[in-house]
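Please read these numbers as outputs of a predicted model, since none were measured by experiment.
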Amino acid sequence: MSNSILTTRRKFLIHAVSHVFGEKLISGRNAADLYANLLGFKNNNILNYEIERKKSIAISAVQSDWNPFDAHILRIFKQYLPEIESHQLFKIDQLSQPKFALVDGDWRPRLVSLLKGVSNLLELRYGAKSEACSELAFLLISLADGQIYNNKARNRLFIICSVLVHLEKTKKISAIRWLDIAVLYQPQNFQFLLDHIYGYQDEFISDHAVLEEVLRYADKDYCTFMEDDSAFEVFQHLFVELGVDIAVSELSDDVGKTIFGNFGSLGAYKARYKSEMEGILNPK
């Protein structure tokens with residue numbers, strides 16, 4: 001996992017440098033060594049070796065990342081980019097963190113392009129103390145152009161991301177994908193997800209702190225913000241931008257089986273639901 005985070009973080013870093021300076025001034029190899037230096041390692045090969053050996057100091061360094069306000073970090077950057085100034089370093093730091101990258105509207109097309117290539121969304125840059133589910137929800141809401149003020153959209157995305165992050169961290173699913181977020185954001189599918197959260201609770205989410213937080217937001221979705229729209233169409237367009245085929249209405253195999261295990265998939269759960277509703281509405 002740390003190797004994947006390192007690769008993704010480095011990719012964002014090199015594109016951010018090119019964007020700030022308006023041209024490509026650093027090669028991929030040098031960017032890799034720069035990133036390793038920023039984390040306190042002599043070069044990229046040593047950093048990779050330490051991660052492969054699962055050395056805690058390397059894994060912690062990748063998770064904690066680097067501080068753009070540290071004078072030592074600026075000195076390291078100057079070894080590769082002699083003309084760089086502190087305000088440019090700060091900008092590079094912002095743009096290479098997806099949740100902050102939206103401060104620069106010109107960067108958005110490149111950001112979306114980069115996000116398409118991330119296979120597991122936990123590979124995006126997260127500091128050791130941050131909550132990945134909050135950052136993912138914030139990123140999606142910000143990308144959706146102003147939906148940050150929509151409470152229902154915020155709550156629903158937070159619930160979906162919290163569930164998926166928990167399932168990935170407990171190794172019940174292999175990755176967090178745009179596809180699964182997009183499918184679960186569909187109104188009926190989101191309702192099915194809530195039904196499972198309420199119905200199975202401890203069996204479904206083993207971490208009581210996560211469960212309590214998810215239930216709190218689920219209660220808000222039911223009770224507090226009924227007047228809000230979930231901005232479904234807005235997010236549909238966004239998911240298309242992120243490379244999701246919205247014609248696909250099924251979850252990834254591991255996510256579908258984990259959430260709807262008794263039925264095998266979301267499709268099977270929908271079929272059962274439809275059958276039960278027809279039985280209620282059209283009793284024999």
Side-chain angles (χ1 to χ4, degrees), residues 99 121-122 126 129-173 176-236 238-239 244 249-252 254-263 265-270 272-274 276-277 280-281:
K99 70 168 184 172
L121 303 186
L122 286 185
Y126 299 115
K129 297 181 180 179
S130 68
E131 289 292 334
C133 49
S134 299
E135 296 198 10
L136 276 175
F138 182 89
L139 171 61
L140 279 164
I141 291 166
S142 301
L143 282 169
D145 189 28
Q147 293 304 319
I148 187 68
Y149 302 109
N150 185 322
N151 287 321
K152 187 172 282 290
R154 181 186 63 195
N155 289 346
R156 291 193 170 193
L157 286 166
F158 183 83
I159 290 168
I160 290 168
C161 293
S162 293
V163 169
L164 293 177
V165 167
H166 172 71
L167 296 178
E168 197 277 346
K169 287 186 174 179
T170 54
K171 302 191 184 305
K172 292 180 179 178
I173 64 175
I176 299 174
R177 311 169 185 91
W178 297 124
L179 168 66
D180 295 314
I181 296 176
V183 170
L184 289 171
Y185 199 75
Q186 295 174 20
Q188 187 183 45
N189 297 343
F190 181 76
Q191 187 58 54
F192 291 153
L193 176 64
L194 285 189
D195 290 345
H196 263 62
I197 291 171
Y198 280 112
Y200 295 93
Q201 295 198 10
D202 289 356
E203 297 175 31
F204 185 54
I205 301 177
S206 57
D207 186 319
H208 288 283
V210 174
L211 176 61
E212 186 176 312
E213 191 78 347
V214 167
L215 287 174
R216 186 165 70 85
Y217 276 87
D219 287 341
K220 284 184 178 183
D221 189 82
Y222 269 128
C223 306
T224 310
F225 304 118
M226 294 299 289
E227 72 279 7
D228 287 340
D229 182 84
S230 65
F232 173 66
E233 290 187 4
V234 173
F235 283 97
Q236 284 286 87
L238 172 61
F239 291 131
V244 174
S249 58
E250 188 58 81
L251 296 165
S252 303
D254 56 350
V255 176
K257 289 175 182 176
T258 300
I259 297 178
F260 301 102
N262 294 338
F263 301 90
S265 69
L266 174 58
Y269 187 87
K270 281 183 177 180
R272 173 70 176 272
Y273 176 82
K274 182 179 179 181
E276 289 179 351
M277 288 303 295
I280 294 171
L281 297 174

Phe192 and Ile259: CA distance, side-chain angles, deciding distance, side-chain contact (heavy atoms from CB on, under 4.5 Å) verdict
CA-CA 10 Å; Phe192 291 153; Ile259 297 178; over 6 Å; no
Kindly give the heavy-atom pair with the smallest separation between [X] and [Y], and that separation in Å.
{"X": "Ala153", "Y": "Ser230", "value": "CB-O, 3.9 Å"}
{"X": "Ser249", "Y": "Val183", "value": "O-CG1, 3.6 Å"}
{"X": "Arg156", "Y": "Pro187", "value": "NH1-CA, 4.3 Å"}
{"X": "Leu122", "Y": "Ala132", "value": "CD2-CB, 3.5 Å"}
{"X": "Ala182", "Y": "Val244", "value": "CB-CG1, 3.9 Å"}
{"X": "Leu193", "Y": "Phe260", "value": "N-CZ, 4.5 Å"}

Report the residues that fulfil salt bridge (Lys or Arg N to Asp or Glu O under 4.0 Å) with Lys99, sequence neighbours left out, ordered by chain and then residue number.
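Scan of Lys99 (salt bridge (Lys or Arg N to Asp or Glu O under 4.0 Å), adjacent residues dropped) gives Glu135.
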Quick one: [atom1] on [X] to [atom2] on [Y], what's the gap to the nearest 0.5 Å?
{"X": "Cys133", "Y": "Leu121", "atom1": "SG", "atom2": "CG", "answer": "12.5 Å"}
{"X": "Leu179", "Y": "Leu184", "atom1": "CG", "atom2": "CG", "answer": "9.0 Å"}
{"X": "Leu164", "Y": "Leu136", "atom1": "CG", "atom2": "CG", "answer": "9.0 Å"}
{"X": "Glu250", "Y": "Asn189", "atom1": "CD", "atom2": "CG", "answer": "8.5 Å"}
{"X": "Leu211", "Y": "Ser206", "atom1": "CG", "atom2": "OG", "answer": "9.5 Å"}
{"X": "Ser134", "Y": "Glu213", "atom1": "OG", "atom2": "CD", "answer": "7.5 Å"}

Tell me, please, which residues at least two apart from Tyr185 pass ring pair (Phe, Tyr, Trp, His ring centres under 6.0 Å).
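With sequence neighbours excluded, Tyr185 shows a ring pair (Phe, Tyr, Trp, His ring centres under 6.0 Å) to Phe235, given in chain and number order.
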Once ring pair (Phe, Tyr, Trp, His ring centres under 6.0 Å) is applied, do any residues pair with Tyr217, and if so which ones, sequence neighbours excluded?
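Tyr217 satisfies ring pair (Phe, Tyr, Trp, His ring centres under 6.0 Å) with Phe158 once adjacent residues are dropped.
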Do Asn155 and Lys152 have side-chain heavy atoms sitting under 4.5 Å apart?
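SC-SC contact between Asn155 and Lys152 ruled out.
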Any side-chain heavy atom of Ile181 sitting closer than 4.5 Å to one from Leu157?
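The answer is yes, as the side chains (C-beta and beyond) meet within the 4.5 Å cut-off.
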Run the side-chain contact (heavy atoms from CB on, under 4.5 Å) test on Asp219 and Tyr198 for me, step by step, so that the C-alpha distance in whole Å, both residues' side-chain angles and the decisive distance to 0.1 Å come before the verdict.
CA-CA 10 Å; Asp219 287 341; Tyr198 280 112; 2.5 Å; yes
Between Lys220 and Ile159, is the side-chain contact (heavy atoms from CB on, under 4.5 Å) condition met? List the steps.
CA-CA 11 Å; Lys220 284 184 178 183; Ile159 290 168; over 6 Å; no
What residues form a side-chain hydrogen bond (donor to acceptor under 3.5 Å, both in side chains) with Gln191, not counting sequence neighbours?
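Counting only residues at least two positions away or on another chain, Gln191 forms a side-chain hydrogen bond (donor to acceptor under 3.5 Å, both in side chains) with Asp195, Tyr222.
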Residues in side chain to side chain contact (heavy atoms under 4.5 Å, CB included) contact with Asp207, at least two apart in sequence or another chain
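Counting only residues at least two positions away or on another chain, Asp207 forms a side chain to side chain contact (heavy atoms under 4.5 Å, CB included) with His166, Ala209, Val210.
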Considering residues at least two apart in sequence or located in another chain, which fulfil the side chain to side chain contact (heavy atoms under 4.5 Å, CB included) criterion with Thr258?
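Thr258 satisfies side chain to side chain contact (heavy atoms under 4.5 Å, CB included) with Leu167, Lys172, Ile173 only.
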